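A short worksheet on the structure shown next.
All chains are named by letter (A, B, ...) in the order of the sequence lines, taking the proteins before the strands, and each is independently numbered beginning at 1. In this text the structure is predicted, and so the values were computed from the model without any measurement. Below, all heavy atoms of this structure are taken into account, side chains as well, without hydrogens, waters or symmetry copies.
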Amino acid sequence: MSKGLPKRSEDYSAWYNELVQKADLAENSPVRGCMVIKPYGYTIWEKMQRALDDMFKETGHTNAYFPLFIPKSFLSKEASHVEGFAKECAVVTHYRLKNAPDGSGVIVDPEAKLTEELIVRPTSETVIWSTYKNWIQSYRDLPVLVNQWANVVRWEMRTRLFLRTTEFLWQEGHTAHATADEAVAETKQMLEVYATFAEDWMALPVVRGVKTANERFAGAEDTYCIEALMQDGKALQAGTSHFLGQNFAKAFDVQYTSKEGKLDYVWGTSWGVSTRLMGALIMAHSDDEGLVLPPKLAPIQVVIVPIFKGTEQLATITEKIQPLVKELKSKGISVKFDNRDGNSPGWKFAEYELKGVPVRVAIGPRDLENGTAEVARRDTKEKKVYSMDNLASQIEGLLADIQQNIYQKAQTFRAANTTKVETYDEFKQMLDEKPGFVLAHWDGTSETEERIKEETKATIRCIPLDAPAEEGKCIVTGKPSSRRVLFARAY
RNA sequence: CGGGGUGUAGCGUAGUCAGGUUAGCGCGCCACAUUUGGGAUGUGGAGGCCGCAGGUUCGAAUCCUGCCACCCCGACCA
């Protein structure tokens, strides 16, 4: 392991790429744009999955699994959906290989051509709605509240570990309802689940909002989203929840008979978060020394580093810390005792900082004499000597404190980098000099939105749900506006 | 997909312009010794189809052609 990361202030992008790799989260694979998620990184993803999955279950959803392949014809049934995804689909055309006649390896068997090509799912609305047609006949069959954990493929032009990969892992919820109101309520409920997860687990403050028509999901009536601010002042869309109206029900002919005996199309939603959340987690909190992980998602919450000379001293320390290890585990805290010889304590300190372990406990001869331990927290780098008595409780409190502190820190950062502007000049100046969220008045037209995007690369991230009504003038056209919208340059 | 750049040991690199012994260095790795409270030191050792495939040449990491991957800037996007 080579020392040091690039500095965030010098090359944010290089810092991110190297951090992901040096902290053992993920690496590039032999396949373009696809990543290998390494055990340490995957453990974080598993923790995210578990927390989210519990929240989905609490809100009445159950998991199911739909196929990876989608018949090509399915994709053409919802017009705007095709338009949104057609350009980035991987297509399966054959089902067999054979040995090359010249012995050079294997080739695609031209005789094994599929009569209908299969699309590797970029998202599962079509295959799921074609299934829902068979599941739903009556109002008694509604609502259908299903989620699936899956991988999807989108043939992106430019990829970055976690932020945009050709294949990525995610969950996609797909629900069907008898009324529009109920579907809208579901859409909003799941947005709130995502926001709560981001804030309580990832320690990531997010803006809840609605996308403009331009930024809406292909096939949705409304797209709700959570938007987070990264340390370089760029926005990251962290999750979306779509109100699909009756679009997919109509495309796949999913109708139900109501209590009153009337036939109608059902109302749908879909919502998802992906391994992109890993990117958000990394970029939101980490520093030039490495990852800073919120305790609730850290694979290792506490690492114990013994400082010793010779096996005898190590044995003494090992014995001494057993009660602590046991007590931490009984509190559900994941703890690692790093008794490796051959790496110096200093080396280990740097290593666990790189990997973002929230709390480090060091115990050496000095502590053995005094009945103490040195406890260092990753978020502030603060070190304190504690008595071994009652140390587990101290650490438990410290973990909660760290979780809270990094959330506060992210919130303070966001507040400091969210600015209201009144004119277009001010807007442009702000984006260049102090990148971040910019709240400004907009006349509500796609033309103005497009123009701003073209001229400044900033997009409307969302119309915040909590935006207060405020009379103003569009920064570009001067036309009246009734509330501010959230602009930023985005990932 | 367009423009620019880069591929030499696990990682970082010298050498490429101007072809010529056995491809050099640092980190890491292995062994031993001394060390260990912020990335230890010494000695010895292992590790290379020079991105891949063709070509030119007596001879290619070096020149030519094609391909692949990664990085940066655009267009596209969770």
With a 6.0 Å cut-off (strictly less than), is the heavy-atom count around CD of A:E455, excluding the residue itself, greater than 12?
yes
Under the ring pair (Phe, Tyr, Trp, His ring centres under 6.0 Å) test, which residues partner A:F252, sequence neighbours left out?
A:F74
Between A:R378 and A:E289, is the closest basic N to carboxylate O distance under 4.0 Å?
no
For A:P299, all residues meeting side chain to side chain contact (heavy atoms under 4.5 Å, CB included), sequence neighbours excluded
A:Y40, A:T43, A:I44, A:L293
Heavy atoms under 4.0 Å, any strand shown: does A:D367 hit a base, just sugar-phosphate, or nothing?
base
Does a side-chain N or O of A:K309 approach OP1 or OP2 of B:G37 to a distance below 4.0 Å, or not?
no
If you compare every side-chain N and O of A:N343 against the phosphate oxygens of B:A40 (OP1, OP2), does one of them come in below 4.0 Å?
no
Does anything in residues 274-297 of chain A reach RNA chain B, meaning a heavy atom under 4.0 Å, and if so which residues?
A:S274, A:R276
Counting any heavy atom closer than 4.0 Å, what does A:E156 reach on the DNA or RNA strands: base, sugar-phosphate only, or nothing?
base
Over all strands shown, is A:F308 touching base, sugar-phosphate only, or nothing at heavy-atom distances under 4.0 angstrom?
base
Which nucleotide in the set B:C73, B:U36, B:C1 lies at the smallest distance from any side-chain heavy atom of A:M157?
B:C1
Check the interface with nucleotides 66-70 of chain B: list each N/O to N/O pair with the protein under 3.5 Å, or write none.
unit_1: B:C70; atom_1: OP1; unit_2: A:G33; atom_2: N; d: 2.8

What does the list of N/O pairs under 3.5 Å between the protein and nucleotides 42-45 of chain B look like, with a distance for each?
none

With sequence neighbours left out, which residue pairs that include part of residues 199-210 of chain A fulfil the side-chain hydrogen bond (donor to acceptor under 3.5 Å, both in side chains) condition?
A:E192-A:R208, A:E199-A:R208
Residue mapping more 5' on RNA chain B - nearest nucleotide basis, A:E374 or A:F162:
A:E374
Rounded distance in Å between the P positions of B:G42 and B:C27:
9 Å
5'-most by nearest nucleotide on RNA chain B - A:F168 or A:I307:
A:I307
Side chain to side chain contact (heavy atoms under 4.5 Å, CB included) partners of A:V31, counting only residues at least two apart:
A:S29, A:C34
Any luck finding a side-chain donor-acceptor pair between A:R377 and A:T380 under 3.5 Å?
yes
Please identify each residue that fulfils ring pair (Phe, Tyr, Trp, His ring centres under 6.0 Å) with A:F243, with sequence neighbours left out.
none
Suppose we call a contact any N or O donor and acceptor under 3.5 Å apart; does that hold for the side chain of A:K383 and the base of B:G38?
yes
Under a 3.5 Å cutoff on both atom distances, Watson-Crick or G-U, what's the dot-bracket for RNA chain B ([ ] crossing, | other strand)?
((((((((.[[[[.)....(...]]]].((((((.....)))))).....[[[[[..)....]]]]])))))))....
Quick one: is A:R158 getting a side-chain N or O under 4.0 Å of the B:C73 phosphate, OP1 or OP2?
yes
May I have all residue pairs that pass ring pair (Phe, Tyr, Trp, His ring centres under 6.0 Å) and include part of residues 269-288 of chain A, sequence neighbours excluded?
A:F56-A:W271, A:H61-A:W271
Heavy atoms only, 4.0 Å cut-off, all strands: where does A:R340 land among base, sugar-phosphate and nothing?
nothing
Has A:S344 got a side-chain N or O lying under 4.0 Å from the OP1 or OP2 atom of B:A40?
yes
Rounded distance in Å between the C1' positions of B:U13 and B:A23:
13 Å
Would you measure the distance from the P atom in B:U62 across to the matching atom in B:U56 and give it in whole Å?
15 Å
Applying a 4.0 Å non-hydrogen cut-off, can you work out what A:T165 is touching in the nucleic acid: base, sugar-phosphate, or nothing?
base
Pairs meeting criterion salt bridge (Lys or Arg N to Asp or Glu O under 4.0 Å) with involvement of residues 233-244 of chain A, two or more places apart
none
Rounded C1' spacing from B:C49 to B:U43 in Å:
33 Å
Check nucleotides 5-7 of chain B for protein N or O atoms closer than 3.5 Å to its own N or O atoms and list the pairs.
none

Residues A:E78 and A:S80: side-chain donor-acceptor under 3.5 angstrom:
yes
